[in-house]
Amino acid sequence: MTALPADDYLRLSVADRLKLAEEIWESIRAHPGELPVTDAQAAELDRRLDAHRADPSAAEDAQTVLDRIRKRK
């Protein structure tokens, strides 16, 4: 991969840099199996999955969590 000099990126407007960042992130999301995961991260994910399987009723849906977070502000 050939990287552009930082000055080339900085010449873009903030809006264009945000768009570029979004495009890069979307290209990464398209290949989730290629994301590096450390041993510690894998162990934590396994622990959380095991906890969920042991007691699925303890889980909260995303909207409930987001509502709680928004109320803190």
Side-chain angles (χ1 to χ4, degrees):
M1 178 180 128
T2 304
L4 296 174
D7 289 351
D8 286 353
Y9 298 114
L10 296 175
R11 288 188 187 118
L12 296 171
S13 68
V14 171
D16 285 343
R17 282 183 275 159
L18 283 170
K19 187 174 188 307
L20 177 60
E22 290 170 358
E23 290 173 4
I24 291 169
W25 181 245
E26 288 304 316
S27 72
I28 292 168
R29 283 181 21 141
H31 304 280
E34 295 179 30
L35 289 172
V37 177
T38 66
D39 290 343
Q41 290 168 327
E44 178 62 14
L45 290 169
D46 289 340
R47 183 194 68 75
R48 291 180 185 199
L49 184 56
D50 290 344
H52 174 69
R53 286 180 176 151
D55 185 11
S57 67
E60 293 180 298
D61 64 89
Q63 190 59 54
T64 301
V65 173
L66 290 171
D67 290 344
R68 186 173 61 245
I69 292 169
R70 288 181 180 120
K71 286 179 185 175
R72 292 181 186 170
K73 291 183 179 183

Q: Could you list the residues that satisfy side chain to side chain donor-acceptor pair (under 3.5 Å) with Thr38, not counting sequence neighbours?
A: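 Once residues adjacent in sequence are excluded, the partners of Thr38 under the side chain to side chain donor-acceptor pair (under 3.5 Å) criterion are Gln41.
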Q: Return the set of residues passing side chain to side chain donor-acceptor pair (under 3.5 Å) with Arg17 (not counting sequence neighbours), or none when no residue passes.
A: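 With neighbours one apart ignored, the set is empty.
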Q: For Glu22, what residues pass the salt bridge (charged side-chain N to carboxylate O under 4.0 Å, His left out) criterion, not counting sequence neighbours?
A: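 Testing Glu22 for salt bridge (charged side-chain N to carboxylate O under 4.0 Å, His left out), a comparison that skips the adjacent residues, returns none.
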Q: Quick one: which residue pairs count as a salt bridge (Lys or Arg N to Asp or Glu O under 4.0 Å) with a foot in residues 28-40, not counting sequence neighbours?
A: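 Those involving residues 28-40 are Glu26-Arg29.
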Q: Using the side chain to side chain donor-acceptor pair (under 3.5 Å) criterion, which residues pair with Asp8? Sequence neighbours excluded.
A: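 By the side chain to side chain donor-acceptor pair (under 3.5 Å) rule, Asp8 matches Arg11.
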Q: Are Trp25 and Leu20 linked, directly or through intermediate hydrophobic residues, by side-chain heavy-atom contacts shorter than 4.5 Å (ILVMFWY only)?
A: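 Both belong to a single hydrophobic cluster.
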Q: Of all residues at least two apart in sequence or in a different chain, which pass the salt bridge (charged side-chain N to carboxylate O under 4.0 Å, His left out) check with Arg48?
A: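 Applying salt bridge (charged side-chain N to carboxylate O under 4.0 Å, His left out) to Arg48 gives Glu44.
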Q: Name all residues meeting the salt bridge (charged side-chain N to carboxylate O under 4.0 Å, His left out) criterion together with Asp7; count only those two or more places apart in sequence or in a different chain, and write none if there are none.
A: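 Not a single residue meets the salt bridge (charged side-chain N to carboxylate O under 4.0 Å, His left out) criterion with Asp7.
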Q: Is it true that Ile24 and Leu12 fall in one hydrophobic cluster, defined by side-chain heavy atoms closer than 4.5 Å?
A: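 As far as the 4.5 Å side-chain criterion goes, Leu12 and Ile24 are connected within one cluster.
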Q: Hey, could you give me each pair passing salt bridge (Lys or Arg N to Asp or Glu O under 4.0 Å) that has a residue in residues 52-64? Not counting sequence neighbours.
A: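 Sorted pair list: Glu60-Arg68.
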Q: Does Leu45 belong to the same Ile/Leu/Val/Met/Phe/Trp/Tyr cluster as Val65, with side-chain heavy atoms less than 4.5 Å apart forming each link?
A: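 Looking at the clustering, Val65 is in a separate group from Leu45.
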